[in-house]
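In what follows, a single structure is set out as structure tokens and then discussed.
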Amino acid sequence: MAKLVAVIASTHHPFYYRASTALGEDRPPFADEWVRKITAFRQTLTRARPDVLVMVGSDHFHQLWLDNMPQFLIGKAPFYDANWYNEEREFGLPRMLLRGQEDLSAYLLREGLDAGFDLAYSNELRIDHSITCPIITLRPEADLPIVPVYTNIFAPPLPQPKRFVQLGRTIRELVESWPGDQRVAVIGTGHLSLELGGPRQFGEHGPDPEFDRRAVGWIADGDLEGCLSEVTLDSLHAPGNATHGFMDFMLMMGVAGEGVKADYVDTLDLFHTMEAYFTWYPNGAPA
Amino acid sequence: MSRYLLNKFLYTVDRDPALVQRYRDDPRGTVTWWEAERANQILNCHLPEASTWLRFADAEREALADHDYVRLFELGAHPFLTLTLFIAMFERDHEPLGFQKEYARRLAHFSLPYPDIAT
């Protein structure tokens, strides 16, 4: 059976690529600290020596649209083109080509359907920054095959938070029952408090530092019970109008497991949002 | 109200560099042309299989024609789509992050609950 060697959750700030590669006067004052933190975070994946990456993210109205919106979708393709014109325009993100792990995609689809998730799938999925940003930060070589898992976190009606947790648990079970000897890492990106296109956007900090503090605590401690007792679809509007992306963090808590403390926790207080980085080693920390 | 069509306009313009520039330069003309020629084009469908019934409410058409992102927020346009497209059109006229902060200031009179964005 495959081995789940790392579970990793982070934010996916699209400005990192440009900030980390900028030189001279164009380099923002926070770039060096950001790079140091990302480099340390990257080591947590490198040490796990994965063969395959299951990548959880959310399409930002690039390929998935309101005429036919899935709630949970798995990519099943041999390759994935990545990043879009408006991401190149706005964030300077490069065009990328990532290899797919089609047999694991097929397995997650078949077994996921049988486990009670009516998963959508795509044979031609162009992925966006919710998945390419963690490639850029965690595996810039972009040399590992991926299985993209997209969730709907911003086209209402949305699935309930508990559904994200349940899907995370199911992904964990299916990865660990996948026939073969591959080493699999599950990587997901979400948001802490975040406001986009609203009055609280682009402040000096995330729109709700108190929510961020509590959220980091829930994730770091694997406190799913505490998190689910307080987080609802309605309550997530309060910390910022784009905070429903926090449910992707909840999905990753489902992958990591109830009450399982993260082996690695770090944060970076940036303008606009709080960056947060978590790693769990389900089979113990690698040497 | 046709919140879906409002979002469809923002979505289809944002992904086309020529349309982004056209909408910046001639907002009313672009909205008029788009509603006549593109509103009923079913995305990802063979062209003749268009829909027949989509049209803007007057308030939506005026908000788009006026580049009035405050009104678009009030009407329940998806804030991510509105922000992304308006950054593409107007960020170039401001210092870094200046447009985004001005955008927030112009929306400062809104408080929770924000307008519903469900389509």
Side-chain angles (χ1 to χ4, degrees), chain A residues 14-15 18-19 22 25-26 28 58-69 84-91 122 124 126 128-130 153-158 191 194-204 207-208 233-245 270-272, chain B residues 3-8 10-21 41-45 51 54 69-70 72-74 76-89 91-92 96-119:
Chain A
F15 291 176
R18 182 175 273 165
E25 290 183 354
D26 293 333
S58 52
D59 175 84
H60 296 69
F61 284 147
H62 284 119
Q63 183 159 344
L64 309 182
W65 174 240
L66 300 167
D67 62 342
N68 193 1
M69 177 59 71
W84 294 72
Y85 144 69
N86 60 5
E87 297 175 303
E88 193 175 35
R89 176 189 76 201
E90 200 163 327
F91 313 129
S122 172
E124 188 179 10
R126 187 182 184 98
D128 76 1
H129 71 272
S130 69
I153 50 87
F154 76 170
L158 308 178
H191 300 296
L194 183 65
E195 177 111 337
L196 293 172
R200 294 172 288 173
Q201 70 178 3
F202 288 93
E204 295 300 312
D208 191 338
L233 286 175
D234 287 337
S235 78
L236 283 173
H237 291 285
N241 67 350
T243 307
H244 289 85
L270 272 178
F271 72 97
H272 174 51
Chain B
R3 204 176 284 146
Y4 170 70
L5 192 62
L6 199 58
N7 288 332
K8 185 176 176 180
L10 300 168
Y11 169 73
T12 55
V13 172
D14 181 69
R15 56 206 283 120
D16 182 332
L19 274 182
V20 170
Q21 188 62 39
Q41 186 176 315
I42 301 175
L43 301 175
N44 302 316
C45 254
S51 59
L54 289 168
Y69 54 81
V70 178
L72 291 172
F73 185 84
E74 185 180 354
H78 199 290
F80 182 85
L81 290 168
T82 311
L83 176 65
T84 302
L85 176 55
F86 279 73
I87 283 176
M89 291 194 296
E91 186 181 33
R92 69 187 86 163
L97 293 180
F99 175 69
Q100 290 87 334
K101 291 177 179 175
E102 170 66 13
Y103 192 121
R105 279 192 294 274
R106 290 195 56 202
L107 290 168
H109 56 289
F110 286 98
S111 57
L112 293 172
Y114 294 162
D116 184 12
I117 63 166
T119 49

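All chains are named by letter (A, B, ...) in the order of the sequence lines, taking the proteins before the strands, and each is independently numbered beginning at 1.
Inter-residue side-chain proximity for A:Arg200 and B:Leu112 is flagged as met; some heavy-atom pair is nearer than 4.5 Å. At a threshold of 4.5 Å between non-hydrogen side-chain atoms, the residues A:Trp84 and B:Arg15 count as touching. Looking at B:Asn7 and A:Trp65, their side chains come closer than 4.5 Å, going by heavy atoms from C-beta outward. A:Asn241 places none of its side-chain heavy atoms less than 4.5 Å from the side chain of B:Phe110.
Listed by chain and residue number, A:His12, A:His60, A:Phe91 satisfy the ring-ring contact (aromatic ring centres under 6.0 Å, His included) test with A:His129 (two or more places apart in sequence, or in another chain).
Note on A:Asp67, A:Asn68, A:Asp234: by heavy-atom pairs under 4.5 Å with chain B, the leading option is A:Asp67. Contacts with chain A were tallied for B:Tyr11, B:Phe80, B:Tyr69, B:Phe86; B:Tyr11 has the most, counting heavy-atom pairs under 4.5 Å. For the set B:Ile117, B:Thr84, B:Leu97, the entry with the most heavy-atom pairs within less than 4.5 Å of chain A is B:Thr84. If you tally non-hydrogen atom pairs under 4.5 Å between each of B:Val20, B:Thr119, B:Leu81, B:Ile42 and chain A, the highest count goes to B:Leu81.
Both the backbone and the side chain of B:Pro17 come within contact range of chain A, each with at least one heavy atom under 4.5 Å from a heavy atom of that chain. Of the atoms belonging to B:Asp116, not a single heavy atom falls under 4.5 Å from chain A. For B:Tyr114, the part lying under 4.5 angstrom from a heavy atom of chain A is the side chain only. Within the 4.5 angstrom heavy-atom criterion, no atom of B:Thr82 approaches chain A. Only the side chain of B:Ile87 comes within less than 4.5 Å of a heavy atom in chain A; its backbone stays farther off.
When all heavy atoms of B:Pro79 and A:Leu196 are compared, the closest pair comes out as CB-O, 3.4 Å. Residues A:Pro199 and B:Ala104 approach most closely at O-CB, 3.5 Å, considering heavy atoms.
Ring orientation note: the planes of A:Phe61 and B:His78 are nearly perpendicular, at an angle over 60° on the 30°/60° scale.
Under a cut-off of 6.0 angstrom, the local environment of CD in B:Glu102 is crowded, with over 12 non-hydrogen atoms contributed by other residues, nucleotides or ligands.
Side chain of B:Gln100 to main chain of A:Gln201: no donor-acceptor pair is present (N/O by atom type, distance under 3.5 Å, no hydrogens or angles).
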